[in-house]
Number of protein chains: 2
Amino acid sequence: MYSIVFIGMVRGMGAPAPNGDGDPRWSDLSARARIRDTALRHYAERGYAATTIRGIAAAAEVSPALVQHHFRTKDALRRACDAHVLEFIRRSTAQGVAGGGIADPGFVDAVHRQAPSLLKYLARAVGDGFPGADALFDEVAAHTERHLAAAVTEPPAPGVLRARAAVLTAMHLGVVAFGGHLSRALDVDTLSAEGLPVVGAALLDLLDPAVTGPGLDDLARQGLTTHRAAGDGAASGP
Amino acid sequence: MYSIVFIGMVRGMGAPAPNGDGDPRWSDLSARARIRDTALRHYAERGYAATTIRGIAAAAEVSPALVQHHFRTKDALRRACDAHVLEFIRRSTAQGVAGGGIADPGFVDAVHRQAPSLLKYLARAVGDGFPGADALFDEVAAHTERHLAAAVTEPPAPGVLRARAAVLTAMHLGVVAFGGHLSRALDVDTLSAEGLPVVGAALLDLLDPAVTGPGLDDLARQGLTTHRAAGDGAASGP
DNA sequence: CACTATACTGTACATACGTACAGTACCGGA
DNA sequence: TCCGGTACTGTACGTATGTACAGTATAGTG
């Protein structure tokens, strides 16, 4: 699941503006969608408590009362964001694993535009422990566990495998959650076209090849090289 | 630095109560220390914005005005927590690398008592980007980079090494930040005597042996086994 | 045209928060 | 004994926040 979004991000690189005011399509969005996206960004960047309805309204260029009109309360707005993220990830995964999804330009474009905020929101939500984060973390961990089971040659005890998957999930979320520091320390935007291969390569270097799986390892490295050369490609471990 | 704290935590296992009201020594602490420790815990668990002075005062069983008396403002209180954490980690590192520190029961006990909140606070602070978090992250990353440079046989380009160190740091912080989910998913307290070896072993399994370094790898695995058998030992990668 | 539902705004209110301030208890030194 | 400083508390105040509510405009429908 996570890898699909990541791959989608990499392959979608080169398209313009991320979510935000600079996007020409921004004003075309319905006010409701604009509020939701803005809330998503604010929650992801500042956390729930530090986010104010008035702040969201100002950033979305609507009145605070309109926020309340569309989403009754602040908490309901957060639940709407949760649902939006879950639905997005689920759809991305479905389309991605189906095979055709990644090739669809519209799909890739949508993923790459939203993914950074969504991933940050995901990490923040899981870290802050919002209701339902448990199930979400477990879902991602289960996905990772299936990947690990397929990649490793001699399967270890189930408990060991689950532990590895959970820890690997936490580590991946760490890369997302602390992506800001990564970007600053490496002096390159981690979520940009030139930054993602750097992080991807480091991930591949750090993780045991048996974890990423021989096939994926080669594929990813090749994709990274291609991407670095031509400005397009797929990357990242599980 | 990070590894030292981790090792200290493992070796300190078996001691009782974590930080909190149940500790008999709790009431013996000065009110100022009690306020600071409580604030540390609240900041770590809820984040800065969601933490209130009144909440801290209630948990520390003092009046809100006393909090203001000792630490002038909420922000100054946070800075005091920052300084406390930094000083603690710095001291832990110094004593840890010196060798004798870890053997000191009092030191180990203090690490164990404080480390869970301290590490969570660290991850939260870095994630929330408090002033100075940049330098802190870079410091930990630099420490990791030195470790990586020593562990790897054929040194890669400096940029690659720095990227690896930064990503590895983010991943380690992820394990800490999402430790709550790890504990729940693995059905064992990640910071307890039986949980730490599980996480440590998973880390060693996931990371490339060249990253952990051959010496440390063997040593850690041996320590984990010993710990699992006798209830004492050292663990964890860089 | 009349009517209704929906999108949207301005204002108002109760609450909770950080902070300031006056005042009390206690404790060590002159 | 007095007395100054420190620890500590109760109360009050300004502000920001979430939310409720009344009201306006606009589009769709009979």
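In the text below, chain A, chain B and the rest are named by the order of the sequence lines, each starting its count at 1.
Note on A:Gln68: a side-chain N or O is less than 4.0 Å away from OP1 or OP2 of D:dA20. For A:His70, a side-chain nitrogen or oxygen approaches OP1 or OP2 of C:dC8 to under 4.0 Å. Phosphate proximity of C:dA7 to A:His69: present, with a side-chain N or O under 4.0 Å from OP1 or OP2.
Ranking C:dT19, D:dG10, D:dT17 by closeness to the B:Ile53 side chain, first place goes to C:dT19. In the set C:dT19, D:dT9, C:dG10, D:dT9 carries the atom at the smallest distance from any side-chain atom of B:Val62. Taking only side-chain atoms of A:Arg54, from C-beta outward, the nucleotide of C:dT19, D:dT17, D:dG10 with the closest atom is D:dT17. Which of D:dT19, C:dG10, C:dC17 sits closest to the side chain of B:Thr52 comes down to C:dC17.
For the pair A:Ile35 CD1 and C:dA7 P, the interatomic distance rounds to 11 Å; values are reported in whole Å. B:Leu66 places its CG atom 16 Å from the P atom of C:dG18, with the value rounded to the nearest Å. The separation between B:Ile56 atom CD1 and C:dT19 atom C1' is 14 Å, rounded to whole Å. For the pair B:Lys74 NZ and D:dA16 P, the computed distance is 15 Å after rounding to whole Å. Between the P atom of C:dG18 and the CZ atom of B:Phe71 lies a distance of 15 Å, rounded to the nearest Å.
In this structure, CE in A:Met171 is found 9.0 Å from CG in A:Leu206, a value given to the nearest 0.5 Å.
Classified by interplanar angle (parallel below 30°, tilted 30° to 60°, perpendicular above 60°), the ring pair A:Tyr121/A:Tyr43 is tilted.
With A:His181 as the fixed residue, the side-chain contact (heavy atoms from CB on, under 4.5 Å) test singles out one of B:Leu173, B:Asp134, B:Val140: B:Asp134. Considering A:Arg78, A:Arg79, A:His84 as possible partners of A:Asp82, the one that fulfils the side-chain hydrogen bond (donor to acceptor under 3.5 Å, both in side chains) test is A:Arg78.
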